[in-house]
Enquirer: 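Structure below; questions to follow.
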There are 2 protein chains.
Amino acid sequence: MKETDNSRRARRGSGAITVRDVARLAGVAPITVSRVLNTPAQVSPDVRQKVLEVIQKTGYVPNRMAGGLASSRSRLIAAVVPSTVMSVFMPTIETLNETLFDAGYQLMLGQSDYSAAREEALLEAIVGRRPDGIFLTGILGPSQGRTRLLASGIPVVETWDLTPTPIDMLVGFSHADIGREVARFLMDKGRRRLALIRAEDERAQRRADAFTEAVQRAGLGPVETVNVGASRSLRSGREALGHLLAQRPDVDAIFCSSDLLALGVATEARVRGIAVPHDLALVGFGDVSFAADMAPALSTVRINGAEMGRLAARCLIDRAEGRPVSPAVFDVGFSIVERETT
Amino acid sequence: MKETDNSRRARRGSGAITVRDVARLAGVAPITVSRVLNTPAQVSPDVRQKVLEVIQKTGYVPNRMAGGLASSRSRLIAAVVPSTVMSVFMPTIETLNETLFDAGYQLMLGQSDYSAAREEALLEAIVGRRPDGIFLTGILGPSQGRTRLLASGIPVVETWDLTPTPIDMLVGFSHADIGREVARFLMDKGRRRLALIRAEDERAQRRADAFTEAVQRAGLGPVETVNVGASRSLRSGREALGHLLAQRPDVDAIFCSSDLLALGVATEARVRGIAVPHDLALVGFGDVSFAADMAPALSTVRINGAEMGRLAARCLIDRAEGRPVSPAVFDVGFSIVERETT
DNA sequence: ATGAAAGCGCTAACAT
DNA sequence: ATGTTAGCGCTTTCAT
């Protein structure tokens, strides 16, 4: 009764319980409720007790949007991934999300679908939310989005790649090194007619180029390449092997741009009676969970995606909480895992 | 110069450009800038033009947290999934996210890791953000979280299941029907010694129970079941087949709780020289992208995950924008896709 | 240890 | 069609 003076403007409001309500019921000022929640040490035990009781009783849940506005700290982190379904990036996102959540942050997830236009739109939407940090899959070339991020001043971590010109922080590894090392690995195994099956994406391209260059430098002629475009499925791998064999029936080793493609190639090889690894060696990329458990088990390039997620989360949290991050560039490396397909 | 009167309290602020800055530069009131962005039709073309120019020049990006606070509309939707890596739920999340983004909403993603405790914590964090809607994977039994959601008044859509007592909206299908129909399907194929390989989760349990009951009702004795627990990998499938054969070497049909488990079973069967489907029929669940492309191609239960995501997004958007949603319950059904493993 | 005042950046309500 | 005013619910600053 006569509590609220709404004699003039009828202002909406969500109708939910607010700090004011809790404060009134506990007989304290709103700021005290805020302190009980955020800096409990500053409040005497009995007052704290009383306030917590009221919170419990009323089911009060603080409005973090309002808190974020007042404190300029949203406790929101945005992440952009190219895709989510059966994607090699998900272990990274999973640990990113876990680490963030345990530190009191939440994750906003956007998919770019490997489209630059969509990525731009995403970045604009993201900046509008004033997240405390942004996680990017891959590195961002010169673009309006890059400019916008730079201008926003929001901490950014680029991942899954290396560049001499990061926007801010960087957690990645060298795709060129991978291409070179896998080529060397296969050639050391005595393979001589090497080929590539890859999806259309910038990083796969970088691995492919280095692979090709290394093979040619070794004097092993051209590297037949099948580009499956945007279709990263098991089926693409099967079909790609068909195309490849039509071009170059004597191929004896293939480096695939993903483990799923490699599983497709292995499947098609089995159906065609091609012995893996005897007739055909196979190397995948990603070391996803099924790679070790296929029959034959897949040799592949292991990326510690979970570690990247954890590290990226740590970088962003540290910066969000005002701690400097140095170094700001981490090369998490990779390793070639030899199994049965080579 | 003498623009701002900060003679008294030095109040922080993020330092970013605000509506006020834009308004001043364009020679209009802040609300006019707001209208240019939100209801452009209400502003005369020349003023609109001028304001847009200033926005362009300054790189102004509206603060949506502030907007959300003022309008009680966050344009944020939260989603809870059990897991994200190689998960059958991701196609749903992908279309959910796409549909939301195209309508101007953003997605906050939380993982429960199949843990009720974590789910509770997530729901509390989510409610604190005052999202315009919440997407839940699965249905939420009586719990503090359910009470909290009900109390919050936020639109909720539960998915991937059916219940007579939804919190709010529901987009799902019947797991019991699936169990029954798969049992019937396999028995109609002449299979007599049926078994189950399943992960530890409530919905898989429901399918398994109905499957077992249907088999027993048909007088085909007990259904051997291997529960792989939380480990949903290809390896689990391989190992589970080993265990199953140790218990019941004469099994002639297996219903797996996921396609990935089924791929594991198929792999192990091949390694052991068991002919699929001749000696052993196999049915998966999910119809994930690789199911059709395995060799032999996997018979499985198709769920239209993408459709569920789209539909759930539509429900949430409609409710967020004040449009009533009726009916509020959608059964998207399922279908048994027969391929080579049966 | 607690509180009063001010205001984060935006938009709804009420003018004109 | 545009502006004025008053908040949304919280936290910072300053005072006691």
Enquirer: Rounded to the nearest angstrom, tell me the gap between atom CZ in A/R35 and atom P in D/dT12.
Expert: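 Distance check: A/R35 CZ to D/dT12 P gives 10 Å.
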
Enquirer: Identify, with sequence neighbours excluded, every residue that meets ring pair (Phe, Tyr, Trp, His ring centres under 6.0 Å) alongside A/F89.
Expert: A/W160

Enquirer: Does any pair with a residue in residues 52-72 of chain A pass ring pair (Phe, Tyr, Trp, His ring centres under 6.0 Å), and if so which ones, sequence neighbours excluded?
Expert: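 Applying ring pair (Phe, Tyr, Trp, His ring centres under 6.0 Å) to every pair that reaches into residues 52-72 of chain A, excluding sequence neighbours, yields nothing.
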
Enquirer: Please give me every residue in residues 43-53 of chain B whose heavy atoms get under 4.0 Å of an atom in DNA chain D, ordered by residue number.
Expert: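 Correct list: B/V43, B/S44, B/V47.
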
Enquirer: Go through the structure and list residues passing salt bridge (Lys or Arg N to Asp or Glu O under 4.0 Å) with A/R146, not counting sequence neighbours.
Expert: none

Enquirer: Please state how far atom CZ in A/R130 lies from atom P in D/dT11, giving the value in whole angstrom units.
Expert: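 So the two atoms are 19 Å apart, to the nearest Å.
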
Enquirer: State, to the nearest 10°, the angle formed by the axis through the first five base pairs of the helix from C/dA1-D/dT16 to C/dT16-D/dA1 and the axis through its last five.
Expert: 30°

Enquirer: Once side chain to side chain donor-acceptor pair (under 3.5 Å) is applied, do any residues pair with A/R73, and if so which ones, sequence neighbours excluded?
Expert: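 For A/R73 the side chain to side chain donor-acceptor pair (under 3.5 Å) partners, ignoring immediate neighbours, are A/Y105.
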
Enquirer: Would you list the atom pairs, donor with acceptor, under 3.5 Å between side chains in residues 120-128 of chain A and any protein atom, with sequence neighbours excluded?
Expert:
from   : atom 1 : to     : atom 2 : distance (Å)
A/E120 : OE1    : A/G145 : N      : 2.9
A/E120 : OE2    : A/Q144 : N      : 3.4
A/E120 : OE2    : A/G145 : N      : 3.2
A/E124 : OE1    : A/R148 : NH2    : 3.1

Enquirer: Among the nucleotides D/dG9, D/dG3, C/dC10, which one has an atom lying closest to any side-chain atom of A/A70?
Expert: D/dG9

Enquirer: Please give, in whole Å, the distance from D/dT12 P to A/I31 CD1?
Expert: 7 Å

Enquirer: Whole angstroms only, please: what is the CZ-P distance between A/R64 and D/dC8?
Expert: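 It works out to 20 Å between those atoms.
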
Enquirer: Whole Å only: how far is the CZ atom of A/R24 from the C1' atom of C/dT2?
Expert: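 The answer, rounded to whole Å, is 19 Å.
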
Enquirer: Among D/dG3, C/dG3, C/dA12, which nucleotide sits nearest the side chain of B/S71?
Expert: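 Closest of the options to the side chain of B/S71: C/dA12.
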
Enquirer: Run the salt bridge (Lys or Arg N to Asp or Glu O under 4.0 Å) test against B/R319 and tell me which residues pass, sequence neighbours left out.
Expert: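 Once residues adjacent in sequence are excluded, the partners of B/R319 under the salt bridge (Lys or Arg N to Asp or Glu O under 4.0 Å) criterion are B/D168.
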
Enquirer: Sequence neighbours excluded, which residues qualify as side chain to side chain donor-acceptor pair (under 3.5 Å) partners of B/R323?
Expert: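 If we apply the side chain to side chain donor-acceptor pair (under 3.5 Å) test to B/R323, skipping adjacent residues, the hits are B/D318, B/E321.
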
Enquirer: In whole angstroms, how far is the P atom of C/dC10 from the CZ atom of B/R20?
Expert: 10 Å

